Undergrad: 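A single structure is presented below for examination.
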Number of protein chains: 2
Amino acid sequence: MQTPVHQTPALEVVDPPKLKVEPLEAASSLRMLAYEALKRAITQMDIYGSTTEFRLDERQLSETLGVSRTPIREAMTVLEQEGFVRSVPRRGIFVVRKTKREILDLIVVWAALEAMAARLAATHASDSEIAGLRRLFHEFEAQPLASHMNEYSEANIAFHQAVIRMGGCRLIVDMTENLFLHMRAIRAVSVRQENRHEISMREHMAIIDALETRDPDLAERLVREHTMGLAAHVERHGVFPE
Amino acid sequence: MQTPVHQTPALEVVDPPKLKVEPLEAASSLRMLAYEALKRAITQMDIYGSTTEFRLDERQLSETLGVSRTPIREAMTVLEQEGFVRSVPRRGIFVVRKTKREILDLIVVWAALEAMAARLAATHASDSEIAGLRRLFHEFEAQPLASHMNEYSEANIAFHQAVIRMGGCRLIVDMTENLFLHMRAIRAVSVRQENRHEISMREHMAIIDALETRDPDLAERLVREHTMGLAAHVERHGVFPE
DNA sequence: CCGTGAAATACTGTATACGGTGTTCAGAAC
DNA sequence: GTTCTGAACACCGTATACAGTATTTCACGG
């Protein structure tokens with residue numbers, strides 16, 4: 001702005017000075033801070049470990065976090081919208097424990113969205129992205145078995161999120177983010193079956209193959225069947241309260 | 001409660017007096033009232049008709065609705081979560097105008113979820129439900145042409161919502177509800193193509209046929225291609241700001 | 001006449017106070 | 001001993017007040 005205009009010829013395209021200003025607007029409001037803190041706390045706690053209901057007290061939380069009830073309430077509103085807590089008029093705010101039916105619904109939606117993402121990825125993703133997915137897969141194989149034994153392990157979720165990102169549909173990425181957060185919460189009660197992990201890895205490999213051969217129909221079908229297989233597994237063996 | 005317990009033999013099952021109390025708890029809180037009022041107002045207004053930005057003033061709204069800012073703010077928080085408004089720190093709250101990219105994403109998610117619902121419906125829906133869908137379809141045909149000319153008409157949306165409900169997945173029903181609300185908003189700028197309506201109706205018929213023959217793969221594919229066809233249509237002919 | 005700077009205004013985010021209702025505990029009666 | 005009723009307490013929803021910051025406008029200088 002200090003530079004006079006006439007010193008810059010109109011037709012000469014110059015690179016801007018690259019000031020590299022920080023975004024700096026991260027985590028501005030207390031409401032956002034409270035939201036993140038509460039979400040972290042909720043997703044980390046083992047909800048399905050016990051049967052006692054977890055009640056959240058606004059006043060207590062406001063004292064613990066050092067803010068007033070207002071940001072807490074606004075954060076709670078968002079968390080309720082996202083399905084993590086449920087506010088009962090005069091009883092308090094409870095951390096929701098999904099029923100078996102609701103968990104199956106979550107998995108079905110997950111299957112639908114990821115199947116579509118896989119279809120899109122098969123046609124739109126770059127070769128390097130698909131190569132990256134294969135690399136990611138091999139990193140999992142190298143990890144100790146215990147860390148990716150079940151469907152809700154970080155490694156497994158990372159694979160699926162990578163597929164979803166490759167679809168290039170931002171809305172699908174955003175929508176599945178909270179879905180996986182719910183999935184993580186129920187990993188504690190997930191049932192392990194000896195050969196399931198092995199089958200899962202083979203199916204992942206097949207999905208990568210389908211993406212590499214640019215076969216949208218096959219990629220979609222494999223992803224859908226893979227995830228719906230998990231739904232069937234939970235349906236049969238999953239043990240959930242209620 | 002007035003009746004002594006010993007007058008009712010334990011093994012005798014008697015019909016309760018049927019007091020038929022009203023639910024009465026509907027829309028209790030001002031926050032819910034404000035939410036519904038604002039959502040109605042936003043979805044009804046023609047956002048894409050003009051290019052001027054719609055700003056919502058908390059104070060003005062609180063005076064108009066006769067409540068304080070608090071319920072307004074809480075309602076706004078939910079509406080922002082649902083993607084209807086966007087709150088810019090010091091500028092105000094604006095009604096969001098989706099970009100072409102975002103609208104395409106909405107349609108893709110719609111396609112993914114309804115395709116899955118159709119798959120589920122093909123195996124789980126009852127014969128009478130499918131028959132009801134066909135009846136619904138014929139009611140549309142009987143209506144004047146103008147009322148169901150484009151993809152965002154009430155009649156068309158009702159058809160798709162019926163298919164989604166038949167899937168039996170509650171989460172899909174809930175998630176697509178807001179999706180269609182966004183769809184309604186952009187019907188004003190939807191492009192009409194002479195033969196498109198005719199093609200659309202034929203495709204609807206084919207979907208019903210697939211459900212009747214209990215063919216999940218076909219039903220899913222037809223629904224997906226039908227909706228993705230709309231996406232391609234919008235991609236080519238849609239005119240949206242930005 | 002245009003640009004810059006400062007001040008005022010206005011709006012948002014946060015805190016706090018208050019009212020109403022639900023819940024729970026205690027006491028009394030059966 | 002059990003159950004019902006009433007009162008007290010506690011918590012949620014709403015209103016309102018306050019502070020901080022951004023934006024806009026006006027004035028002054030170049």
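Numbered from 1 within each chain, the chains take letters A, B, ... in sequence-line order. Predicted model, so just to flag it, every value in this text is computed and none were measured. The figures here come from the full heavy-atom set of this structure, side chains too, leaving out hydrogens, waters and symmetry mates.
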Undergrad: Check for a donor-acceptor pair, side chain of B/E80 on one end and backbone N or O of B/T77 on the other, with a separation under 3.5 Å.
TA: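 Answer holds: no.
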Undergrad: Taking atom P of D/dA15 as reference, at what distance in whole Å does atom CD of B/E58 sit?
TA: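 Value for this atom pair: 13 Å.
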Undergrad: Round to the nearest Å and state the distance from B/R55 atom CZ to C/dA10 atom P.
TA: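 Between P of C/dA10 and CZ of B/R55: 12 Å.
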Undergrad: For B/F94 and C/dC11, give me the distance from atom CZ to atom P, rounded to whole Å.
TA: 12 Å
Undergrad: Distance check needed: C/dT14 P versus B/E74 CD, whole Å only.
TA: 13 Å
Undergrad: Below the 4.0 Å mark, does C/dA15 have OP1 or OP2 next to a side-chain nitrogen or oxygen of A/S68?
TA: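 So the side chain of A/S68 is within the cut-off, an N or O lying under 4.0 Å from OP1 or OP2 of C/dA15.
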Undergrad: For the pair A/H182 and A/F84, name the ring-plane relationship: parallel under 30°, tilted 30 to 60°, perpendicular over 60°.
TA: parallel
Undergrad: Check the distance between D/dG13's P and A/I72's CD1 and give it to me in whole angstrom.
TA: 14 Å
Undergrad: Can you list everything that forms a ring-ring contact (aromatic ring centres under 6.0 Å, His included) with B/Y35? Sequence neighbours excluded, please.
TA: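 Here no residue qualifies.
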Undergrad: Do any pairs count as a salt bridge (Lys or Arg N to Asp or Glu O under 4.0 Å) and have a residue in residues 168-180 of chain A, sequence neighbours left out, and if so which ones?
TA: A/R170-A/D174
Undergrad: Mind checking what makes side-chain hydrogen bond (donor to acceptor under 3.5 Å, both in side chains) contact with B/D57, not counting sequence neighbours?
TA: none
Undergrad: May I have the distance from B/D57 (atom CG) to C/dT9 (atom C1'), rounded to whole angstrom?
TA: 14 Å
Undergrad: For A/R165, give me all partners under side-chain hydrogen bond (donor to acceptor under 3.5 Å, both in side chains), at least two apart in sequence or on another chain.
TA: none
Undergrad: Looking at D/dC12, C/dC11, D/dA15, which one has an atom nearest to any side-chain atom of B/P71?
TA: D/dA15
Undergrad: Using whole Å, what does the distance between atom P of nucleotide D/dA15 and atom CZ of B/R73 come to?
TA: 14 Å
Undergrad: Among C/dT12, C/dT16, D/dA15, which nucleotide has an atom closest to any side-chain atom of A/T70?
TA: C/dT16
Undergrad: Enumerate all atom pairs, one protein N or O and one N or O from nucleotides 18-23 of chain D, separated by less than 3.5 Å.
TA:
from: D/dG20; atom 1: N2; to: B/R90; atom 2: NH1; distance (Å): 2.5

Undergrad: In whole angstrom, give the distance that lies between atom CD1 of A/I93 and atom C1' of D/dC11.
TA: 11 Å
Undergrad: Which residues pass the side-chain hydrogen bond (donor to acceptor under 3.5 Å, both in side chains) test with A/R101, sequence neighbours left out?
TA: A/D105
